[in-house]
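Everything numeric in this text was worked out from a predicted model, so none of it was measured.
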Amino acid sequence: MITITDKSKCCGCNACSDVCIHRAITFKTDIEGFWYPEVNKEKCTDCGLCEKVCPELNIESLKKNDFEKPAKTIAAINKRMDIRWNSTSGGAYTALAEGMLEQGGYVSGAIYNDDFSVRNYVSNKSEDLEKLRSSKYLQSNATGLYSEIRDLLRKDEKVLACGTPCQMTALRSFLRKDYDNLIIVDFICRGVNSPKVYRKYLDSLERKFEGKVVYVKAKNKELGWRNLTRKVVFDNGKAYYGVSMEDDFRRGYHTNVFCRPSCYSCQYKGFPRIADITIADYWGIEKVNKNMDNNIGTSMILLNSKKGLAYFETIKDKLEWEETKFESILGGNAALRKSIQPAKINRQEFFKDLDKGTFDDVVVKYFPLKETTFKDKLKKIAKFILSIKYFFGFSFRAYKNFVRINFRKNTERKKGEFIFTMPSTVFDIHPSAKIKIDKSFLYGNAPVKGMRIPTCLRMEAGTTLEIHDGPLTRYGNGPYNLRYGAYIEIVNGGKLTIGQGAANVGLTIMCAKNITIGNGVRIGRNVSIRDWNGPHAIINDHYVNHAPVHIEDHVWLCTGCSIMPGVTIGEGSVVATNATVTKSVPPHSLVAGSPAKVIKSNIEWY
């Protein structure tokens, strides 16, 4: 008979309930929001099945596989960009699951309930992959999972089961034997969080944004895979982006405040792995293969058994993949081998306070955002000095230009923000020209040491250059990176406004009226943007000599394209290589040709 006297010895896998034929075991949720088995002694026959199936009690006999350590370590990205974009890592789970569905089999994983609690789910429908995809980062209820999978296997159905290492160990224990038609997949698990805490967190966001949560993505990639952004959308159309440790829930998770007690002494770490295949983020991929890393997510796949090796062969064509060294994954995946340490707080008081108040209350008391200390300020100063040295080297001219442009009378700067002038940059700026710097600007960056291709800025009397701050992107939010060989000319009282983004070599801007470049705009090589054609004129009733140009947020201007006067490029659009844009471009469009025409609508790009 299962009796829980030490909560750290129960992983909450729910297998004991599934194995009990007398339905004597139910689950009771404690003050922390975690469930534990309770036995109805009137129904219990003391058969001992619940103890025999418990992975915590039988870990020594269960922790085995064909190989002591993984036979192969794989770096992989899904060939379908939409799948990779919507996955937590590189889309490996979807490839594995699609392979099983194509064989007529079933797949399992975790899905959100209507209240954003999580349960395990089994399906043979490809349309269910969207809700099965992506990690949820809190404990899922697996009641009924084990018996459902067993029944399918007994009918000779094929199954790919995916879950936490403890759940998948429980599945092996529950089944009592290996099935040829079963593939077990686990993932590197740092720890499962309290569903109660997560609901309290969502409640706090609903109050702040005055709407009900309708969508949650724990690792949204709009700001990049590495930013660990949680996106929450509300029924009023508002959206929250919680970036890395600025997000209160993630900060609590990564300071180990509200994981399940068993996670602090997890028995499923290390090797051999109990699953056939283990998947995770491939942290450190930039050191292994940069071609597989563009900050959209890369999967790490461990093939732990002969069955796992064979199954990977059947789905590998869905992936761009490369075998890597096992040692390359260890530095970025500490949770593969070690349990997390308990937070240095009074856990009992934490959950009492959570019951009495709100999630915001416990955040302030137990894991507030770190305040900037004097030591942090010193580090920032040191970083600035090193950046100056890095950018300028020993170029007296670069230092001189830095002072001339940043400390002139008509330059207005936000504290700590500068235009960094590379050794090959030159300026011709009229004393009355105004420069406003809200965010630092790296002007004329030449990544090849010793390169001296000039970057030029000319500003006539009465002209204006403004460099605006912007939201965080996957590239960070500054300084703006303008590569070498640019020529920017602002004349006739014109105003040029630039948001946060980057431009490759050879950019030309001719501004005599008004040019605005939004945030997140990526500019390829040898792009030309102009709002004025000079003193020339074509005698034609449709000819426009000068008119404002507006390039909205998140636009990609590809190599060699030209943006002509009077054009607005809508948000999220892409201008193809060598296109000449003479008419405005609708949002989220791909245009190509000369003159450019819309060849695809409703696009997304990253």
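- Look at Asp30 and Lys7 and you find a salt bridge, because one of the NZ, NE, NH1 or NH2 atoms lies within 4.0 Å of a carboxylate O, short of that distance.
- Side-chain N or O atoms of Lys221 include one that pairs as donor or acceptor with a backbone N or O of Ile296 at under 3.5 Å.
- Here Lys365 contributes atom NZ and Phe350 contributes atom CZ; the two are 10.5 Å apart, rounded to the nearest 0.5 Å.
- Side chain of Asn14 to backbone of Ala142: a donor-acceptor contact under 3.5 angstrom is found.
- Between the side chains of Ser134 and Lys217, a donor-acceptor pair is found at a separation under 3.5 Å.
- Here CD1 of Ile340 is found 9.5 Å from OG1 of Thr255. Values are rounded to the nearest 0.5 Å.
- Rounded to the nearest 0.5 angstrom, Ile59 CD1 and Cys11 SG are separated by 9.0 Å.
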Q: Kindly indicate, with the supporting measurements, whether the criterion side chain to side chain contact (heavy atoms under 4.5 Å, CB included) is fulfilled by Leu138 and Ser194.
A: CA-CA 6 Å; Leu138 62 156; Ser194 162; over 6 Å; no
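- Checked by atom type and distance alone, the side chain of Lys338 never pairs as donor or acceptor with a backbone atom of Leu336 at under 3.5 Å.
- Of the charged side-chain nitrogens involved, at least one lies within less than 4.0 Å of a carboxylate oxygen, so that Arg199 and Glu206 count as a salt-bridged pair.
- Taking CE of Met81 as the start and CH2 of Trp605 as the end, the distance is 12.5 Å to the nearest 0.5 Å.
- Between Ile25 and Cys50, the shortest heavy-atom distance links the atoms CD1-CB, 3.7 Å.
- The distance from the CG atom of Leu228 to the OG atom of Ser244 is 5.0 Å, given to the nearest 0.5 Å.
- Checked by atom type and distance alone, the side chain of Glu322 never pairs as donor or acceptor with a backbone atom of Ala76 at under 3.5 Å.
- Here Asp180 does not pair with Lys307 in a salt bridge; the nearest charged N to carboxylate O distance is not below 4.0 Å.
- The main-chain N or O of Lys269 is found under 3.5 Å from a side-chain atom of Lys63 such that the two form a donor-acceptor pair.
- For Ser173 (side chain) and Val53 (main-chain N/O), a donor-acceptor pair under 3.5 Å exists by modelled atom type.
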**Q.** Trace of the salt bridge (charged side-chain N to carboxylate O under 4.0 Å, His left out) decision for Glu32 with Arg347
**A.** CA-CA 9 Å; Glu32 296 185 349; Arg347 189 177 173 100; 2.8 Å; yes
What side-chain donor-acceptor pairs closer than 3.5 Å can you find for residues 152-159, not counting sequence neighbours?
{"unit_1": "Lys158", "atom_1": "NZ", "unit_2": "Gln103", "atom_2": "OE1", "d": "3.0"}

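- The ring-ring contact (aromatic ring centres under 6.0 Å, His included) test with Tyr201 is passed by exactly one of Phe258, Phe116, Phe249, Phe367: Phe249.
- The backbone N or O of Met245 lies less than 3.5 Å from a partner atom in the side chain of Arg251, making a donor-acceptor pair.
- Of the possible donor and acceptor atoms, one in the side chain of Lys136 sits under 3.5 Å from a partner among the backbone N and O of Ala110.
- Without hydrogens or angle criteria, Arg133 side chain to Thr88 main chain gives no donor-acceptor distance under 3.5 Å.
- The salt bridge (Lys or Arg N to Asp or Glu O under 4.0 Å) test with Asp293 singles out one residue from Arg84, Lys287, Arg226, and that residue is Arg226.
- Residues Ser328 and Tyr282 have side chains that bring a donor and an acceptor to within less than 3.5 angstrom of each other.
- Note on Asp361 versus Lys356: no salt bridge recorded, every NZ/NE/NH1/NH2 to OD/OE distance being 4.0 Å or above.
- For Glu127, the CD atom counts as densely surrounded, since its 6.0 Å shell holds more than 12 non-hydrogen atoms of other residues, nucleotides or ligands.
- No side-chain heavy atom of Leu49 sits under 4.5 Å from any side-chain heavy atom of Cys20.
- Here the closest heavy-atom approach between residue Ala75 and residue Ile285 is recorded as CB-CD1, 3.7 Å.
- Both tests hold for Lys131 against Tyr121: distance to the six-membered ring centre under 6.0 Å, angle to the ring axis within 45°.
- Counted by atom type alone, Arg190 and Asn256 present one or more donor-acceptor pairs between their side chains at under 3.5 Å.
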Q: Check the pair Asn304, Thr278 against side-chain hydrogen bond (donor to acceptor under 3.5 Å, both in side chains), reporting the backbone distance first and the verdict last.
A: CA-CA 7 Å; Asn304 307 312; Thr278 297; 3.0 Å; yes
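- Arg207 CZ: more than 12 foreign heavy atoms inside a 6.0 Å radius.
- A salt bridge does not link Asp46 to Lys41: none of the charged nitrogens lies less than 4.0 Å from a carboxylate oxygen.
- For the atom pair Met300 CE and Asn333 CG, the distance stands at 5.0 Å (nearest 0.5 Å).
- Closest non-hydrogen pair, Gly308 versus Ile277, comes out as CA-CG1, 3.8 Å.
- Between Ser89 and the choices Asn78, Asp281, Thr298, the side-chain hydrogen bond (donor to acceptor under 3.5 Å, both in side chains) rule is met once, by Asp281.
- With respect to Asp248 and Lys200, no salt bridge is recorded, no charged nitrogen being found less than 4.0 Å from a carboxylate O.
- Within a 6.0 Å radius of CD in Gln341, no more than 12 heavy atoms belonging to other residues, nucleotides or ligands are found.
- Aromatic pair Trp283/Trp225: centroids less than 6.0 angstrom apart.
- Remark: the backbone N or O of Ser8 is not paired with any side-chain donor or acceptor of Arg260 at under 3.5 angstrom.
- The shortest distance between side-chain heavy atoms of Leu175 and Leu182 falls below 4.5 Å.
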Q.
Arg80 vs Trp85, test: side chain to side chain contact (heavy atoms under 4.5 Å, CB included). Steps then yes/no.
A. CA-CA 9 Å; Arg80 282 186 54 185; Trp85 176 257; over 6 Å; no
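- With a 6.0 Å radius and a threshold of 12 heavy atoms from other residues, nucleotides or ligands, Glu286 has its CD atom above the threshold.
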N/O donor to acceptor pairs below 3.5 angstrom from side-chain atoms of residues 229-242, sequence neighbours left out:
{"unit_1": "Arg230", "atom_1": "NH1", "unit_2": "Asp247", "atom_2": "OD2", "d": "2.6"}
{"unit_1": "Lys231", "atom_1": "NZ", "unit_2": "Glu222", "atom_2": "OE2", "d": "2.8"}
{"unit_1": "Lys231", "atom_1": "NZ", "unit_2": "Tyr241", "atom_2": "OH", "d": "3.3"}
{"unit_1": "Asp235", "atom_1": "OD1", "unit_2": "Lys212", "atom_2": "N", "d": "3.0"}
{"unit_1": "Asn236", "atom_1": "OD1", "unit_2": "Lys238", "atom_2": "N", "d": "3.0"}
{"unit_1": "Asn236", "atom_1": "ND2", "unit_2": "Phe209", "atom_2": "O", "d": "2.8"}
{"unit_1": "Asn236", "atom_1": "ND2", "unit_2": "Glu210", "atom_2": "O", "d": "3.0"}
{"unit_1": "Tyr240", "atom_1": "OH", "unit_2": "Asp247", "atom_2": "OD1", "d": "2.6"}
{"unit_1": "Tyr241", "atom_1": "OH", "unit_2": "Glu222", "atom_2": "OE1", "d": "2.7"}

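- With Tyr36 as the aromatic partner, Lys28 does not meet the cation-pi criteria of under 6.0 angstrom to the ring centre and within 45 degrees of the ring axis.
- The minimum heavy-atom distance between Cys44 and Val39, with the atom names listed, is CB-CG1, 3.7 Å.
- The neighbour count for Glu327 CD, taken as heavy atoms of other residues, nucleotides or ligands under 6.0 Å away, is above 12.
- Across every non-hydrogen atom of Gln139 and Pro195, the tightest pair is O-CG, 3.8 Å.
- Residue pairs satisfying the ring pair (Phe, Tyr, Trp, His ring centres under 6.0 Å) criterion with at least one member in residues 137-196, sequence neighbours excluded, are listed as follows: Tyr146-Phe174.
- Contact record, Tyr93 with Leu160: CE1-CD2, 4.3 Å, taken as the closest heavy-atom pair.
- Side-chain N/O atoms of Asn113 and Arg119 include a donor and acceptor closer than 3.5 Å.
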